[in-house]
Number of protein chains: 2
Amino acid sequence: MEISKAFGNVLKKHRKLAGLSQEQLALQCDLDRTYIGLLERAQRQPSITTLFSICEVLKIKPHELIKEVEKLYGI
Amino acid sequence: MEISKAFGNVLKKHRKLAGLSQEQLALQCDLDRTYIGLLERAQRQPSITTLFSICEVLKIKPHELIKEVEKLYGI
DNA sequence: ATGTAGACTCGCGTCGACG
DNA sequence: GCGTCGACGCGAGTCTACA
């Protein structure tokens with residue numbers, strides 16, 4: 001699986017686990033609602049600061065999330 | 001420490017560990033030489049695909065590198 | 001082998017609006 | 001609550017060139 005799609009899947013999974021809507025997540029990590037949607041649908045890729053601020057809200061360490069992305073990506 | 005600076009430090013450290021010059025690294029991961037320099041000096045931040053392709057060349061898992069960035073960043 | 005600078009393309013990230 | 005669209009500013013990433 002390509003990397004942005006892997007990230008989108010992992011993001012969606014952890015957002016649901018946190019019990020947040022795209023809007024709530026966007027609000028808390030100071031991003032746009034539509035942009036979270038774009039990330040989950042793999043139409044945008046985050047920079048690493050964006051990654052860190054999302055992970056902070058999701059209460060997960062960035063490297064944990066990246067590890068899951070690696071698995072889906074296949075390395 | 002801010003996040004792009006943390007990344008720059010970690011990148012430089014692992015590039016040296018791999019025994020590569022900025023030019024050699026850039027060539028192998030299909031990026032520009034000047035851009036690697038910009039990353040190390042924290043004047044640019046990588047997207048996550050850029051992160052993955054750099055890590056592949058450095059023979060390190062992205063989540064390992066991210067873990068070190070977290071430490072420097074302080075979380 | 002690296003730092004810097006200018007100019008360029010394209011994608012990130014925002015915003016308003018509609019279904 | 002989400003997908004999508006158009007438009008926008010700005011930053012990612014490239015290229016050339018000079019020190």
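Per chain, numbering begins at 1; letters A, B, ... match sequence-line order. From a predicted model like this one, the values you see are computed outputs, not experimental measurements. Computed from heavy atoms alone, side chains included, the values below leave out hydrogens, waters and symmetry copies.
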How do L39(A) and K12(B) order along DNA chain C: which one's closest nucleotide is nearer the 5' end? K12(B)
Closest heavy-atom pair and its distance - C55(A), P62(A): SG-CA, 3.6 Å
Quick check: do K12(A) and L39(A) have side-chain heavy atoms less than 4.5 Å from each other? no
Round to the nearest Å and state the distance from L11(A) atom CG to dC2(D) atom P. 11 Å
Is the shortest heavy-atom distance from the side chain of L58(B) to the side chain of L20(B) under 4.5 Å? yes
Report the distance from atom CD1 of I48(A) to atom P of dA12(D), rounded to the nearest whole Å. 10 Å
Specify the separation, in whole Å, of atom CG of L51(B) and atom C1' of dA12(D). 14 Å
Residues from residues 15-29 of chain B lying under 4.0 Å of DNA chain C - heavy atoms: R15(B), S21(B), Q22(B), E23(B)
R41(A) CZ - dT4(D) C1' separation (whole Å): 7 Å
Side chains of T49(A) and Q45(B): donor-acceptor distance under 3.5 Å anywhere? yes
Any chance you could encode DNA chain D as dot-bracket? Rule is Watson-Crick or G-U wobble with both distances under 3.5 Å; [ ] for pairs crossing earlier ones, | for another strand. .||||||||||||||||||
Distance, rounded to the nearest Å, where E40(A) contributes CD and dG3(D) contributes C1': 12 Å
For the atom pair CG (L72(B)) and CZ (F7(B)), what is the distance rounded to the nearest 0.5 Å? 12.0 Å
Excluding sequence neighbours, so at least two apart, what forms side-chain hydrogen bond (donor to acceptor under 3.5 Å, both in side chains) with E70(A)? H63(B)
Interatomic distance, CG@L65(B) vs NZ@K13(B), rounded to 0.5 Å, equals 9.0 Å
Within this structure, what is the CZ-CD1 distance for the pair R15(B) and I54(B), rounded to the nearest 0.5 Å? 11.0 Å
Distance check needed: dG11(D) P versus Q43(B) CD, whole Å only. 13 Å
Heavy-atom contacts, protein to nucleotides 14-19 of chain D, under 4.0 Å, summarised as B (base), S (sugar-phosphate only) or - (none) per nt, yield BBBB--
For T50(A), side-chain hydrogen bond (donor to acceptor under 3.5 Å, both in side chains) partners two or more places apart: S47(A)
CZ of F7(A) versus C1' of dC12(C): gap in Å, rounded? 13 Å
Which value, rounded to the nearest 0.5 Å, describes the distance between Y73(A) atom OH and I48(B) atom CD1? 10.5 Å
Show the atom names and distances, to 0.1 Å, of all donor-acceptor pairs under 3.5 Å that link a side chain in residues 22-31 of chain A to residues at least two apart or in another chain.
| unit_1 | atom_1 | unit_2 | atom_2 | d |
| --- | --- | --- | --- | --- |
| Q22(A) | NE2 | E40(A) | OE1 | 3.0 |
| Q24(A) | OE1 | S21(A) | N | 2.9 |

